[in-house]
Amino acid sequence: MDAATGHDELVHYAVDAGVATITLDSPHNRNALSAQLRRELLGHLDAAEADDVARVVVLDHTGPVFCSGMDLREARGAGASDQGVNEFPLILQRILTGPKPVVAVLRGPARAGGVGLVAAADIAIAVREATFAFTEVRIGVVPAVISVTVLPRLLPRAAHELFLTGETFGADRAAEIGLINSSVSAEVLDQEVKRYTDMLALGGPKALATTKSMLRASRPTDLEQSFQDMLALSASLFASEEGQEGITAFAQKRKPNWVP
C-alpha cells in the first residue's frame, strides 16, 4: 500500500541471495512514470542503496511493457512549473551514481522515459521482441532529461536519426548502437540475467562502487546541473502550445495539427 495515496503499491522491492529486485507493477498504464510510480521507485532505489544485504540491483517489470515513459494524463493541461517530474532526474541519478550495479530487464517495449531508465542502468538485457523509440518529437516535446543518460550510450549517427525521427527500432539494433548489452530469446532471459548478477556479485562492494564512479568520468561532470537544465527544457515543451496539442492528439488518437 502506498502511504501517500492509500492506493496499492506500484513498485515492489524484494531481496534474495544478495540481489535486490525492484519491480514496476503498473501494467494498466504500461508502467508509465506516474507520480506514484516515480515516488515509489525512488524510495526503493534508496532502500537498495542502504541495504547491506543487497549487492546487485535488478530493475524488472510486470506486464507486456517495461515502461512507456511519462504518464501523459498527468502532463495534460499542466503548466511548466506544474509538470511534476522532479523525481525523474533523481531516479536517473540514483541509478547512475548509486554504488551498486543496476541491471535492467526488459520483457517488452520501452519508450521515452523508459528508455532513459534502460540507459541509466549499468547493464540492460532485453528479449528480442522488445522495441524502443524516442517518440517525444511526435507529440511536440523533446527527449531532454533522458538525453543525459542516453546520449553517452548511443552512436552519434544513431542518436541523431532516432531522436529526430521517433522511429521504432528493435532489440537487436538497440544492442548494435550501445543502448543495451544483449538481445536474447524470452526462454533464456532469466538465465542471462542470472549470469550477469552472478558475475557482478563476485566483485568487491567498494571496488564495484569505485569502478562505477570511474566509468562516469566520460559523462557530464555536473550531473545535477545537466539534469536540472534538461528538466527545465522538457517542462517548457510539455507546457507549450505545441506540446499540449501533441499530448491531446495522442489521447484522442488523432494526428496533431502540424502533420500535413
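None of the values given here were measured: they were computed from a predicted structure. FYI, side chains are in, hydrogens and waters are out, and symmetry mates aren't considered; it's all heavy atoms of this structure.
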Separation of Leu72 CG from Gln244 CD (nearest 0.5 Å): 10.0 Å

No-hydrogen, no-angle side-chain donor-acceptor test under 3.5 Å, Gln36 and Glu40: yes

Shortest non-hydrogen contact from Met230 toward Ser147: SD-OG, 3.9 Å

Listed partners of Gln225 passing side-chain hydrogen bond (donor to acceptor under 3.5 Å, both in side chains), at least two apart: Asp229

Nearest non-hydrogen partners of Val11 and His44, listed with the distance: O-NE2, 2.9 Å

Criterion side-chain contact (heavy atoms from CB on, under 4.5 Å) against Ser234, the qualifying member of Val145, Val141, Ile146: Val145

Backbone of Gly18 reached by a side-chain donor or acceptor of Arg55 within 3.5 Å: no

Interatomic spacing from CD in Glu136 to CG in Leu164 - rounded to 0.5 Å: 11.5 Å

Minimum side-chain heavy-atom gap Asn29-Asp71 below 4.5 Å: yes

Test item: Thr135 side-chain N/O and Arg138 main-chain N/O as donor-acceptor pair under 3.5 Å: no

Name each donor-acceptor pair under 3.5 Å that joins a side chain in residues 201-213 to protein atoms two or more places apart or in another chain, with its distance.
unit_1: Thr210; atom_1: OG1; unit_2: Lys206; atom_2: O; d: 2.8
unit_1: Thr211; atom_1: OG1; unit_2: Ala207; atom_2: O; d: 2.7
unit_1: Lys212; atom_1: NZ; unit_2: Ile95; atom_2: O; d: 3.0
unit_1: Lys212; atom_1: NZ; unit_2: Gly98; atom_2: O; d: 2.9
unit_1: Lys212; atom_1: NZ; unit_2: Lys100; atom_2: O; d: 3.2
unit_1: Lys212; atom_1: NZ; unit_2: Asp122; atom_2: OD2; d: 3.0

Selection residues 179-190 - residue pairs positive for salt bridge (Lys or Arg N to Asp or Glu O under 4.0 Å), sequence neighbours left out: Arg107-Asp190

Co-membership, hydrophobic cluster, residues Phe250 and Leu237, 4.5 Å side-chain: yes

Nearest-0.5 Å distance that lies between atom CD1 in Ile91 and atom CZ in Arg39: 10.5 Å

Pairwise distance CD(Gln228) to CG(Leu223) - rounded to 0.5 angstrom: 11.5 Å

Closest contact, heavy atoms only, Gly114 versus Phe66: O-CE2, 3.6 Å

Contact check, side chains of Thr21 and Leu59, non-hydrogen atoms, under 4.5 Å: no

Ser68: partners by side-chain hydrogen bond (donor to acceptor under 3.5 Å, both in side chains), with sequence neighbours left out: none

Joint cluster assignment, Leu162 & Val137, ILVMFWY side-chain distance < 4.5 Å: no

ILVMFWY cluster membership beyond Val259 - transitive side-chain contacts under 4.5 angstrom: Trp258

Expected output: side-chain Ser34 to main-chain Leu37 donor-acceptor under 3.5 Å: yes

Under 3.5 Å: donor-acceptor pair, side chain of His61, backbone of Val65: yes

For residues 176-183, please give each side-chain donor-acceptor pair under 3.5 Å, one per line with the distance, not counting sequence neighbours.
unit_1: Asn181; atom_1: OD1; unit_2: Ala124; atom_2: N; d: 2.8
unit_1: Ser182; atom_1: OG; unit_2: Glu192; atom_2: OE2; d: 3.4
unit_1: Ser183; atom_1: OG; unit_2: Asp172; atom_2: OD1; d: 2.8

Residue list, salt bridge (charged side-chain N to carboxylate O under 4.0 Å, His left out) with Glu245, at least two apart or on another chain: Arg254

By side-chain hydrogen bond (donor to acceptor under 3.5 Å, both in side chains) - contacts of Arg94 (at least two apart): Asp46

hydrophobic_cluster_shared for Leu10 and Leu42, side chain cutoff 4.5 Å: yes

With Glu129 via side-chain hydrogen bond (donor to acceptor under 3.5 Å, both in side chains) - residues at least two apart: none

Pair listing, ring pair (Phe, Tyr, Trp, His ring centres under 6.0 Å) test, anchored in residues 109-139, at least two apart: Phe132-Phe169, Phe134-Phe163

Closest contact, heavy atoms only, Gly246 versus Pro256: CA-CB, 4.4 Å

Leu92 CG to Glu87 CD distance, which is reported to the nearest 0.5 Å: 11.5 Å

With sequence neighbours excluded, residues passing salt bridge (charged side-chain N to carboxylate O under 4.0 Å, His left out) with Lys194: Asp198

Audit row: Val142, Phe238, side-chain contact (heavy atoms from CB on, under 4.5 Å) steps and yes/no: CA-CA 8 Å; Val142 293; Phe238 266 89; over 6 Å; no

Residues clustering with Val105 (ILVMFWY side chains joined when closer than 4.5 Å, directly or via others): Val19, Val56, Val58, Val103, Ile123, Ile125, Val127, Val184, Val188, Leu189, Val193, Tyr196, Met199, Leu200

Considering all heavy atoms, the nearest Leu33-Cys67 contact: CG-SG, 3.7 Å

CG on Leu41 to CZ on Phe88, rounded to 0.5 Å: 9.0 Å

Given Asp60, Asp25, Thr23, Thr62, the one that forms side chain to side chain donor-acceptor pair (under 3.5 Å) with His12: Asp25

Nearest heavy-atom neighbours spanning Ala110 and Val118: CB-CG2, 4.4 Å

Main-chain N/O of Ser26 paired with Asn31 side-chain donor or acceptor, under 3.5 Å: yes

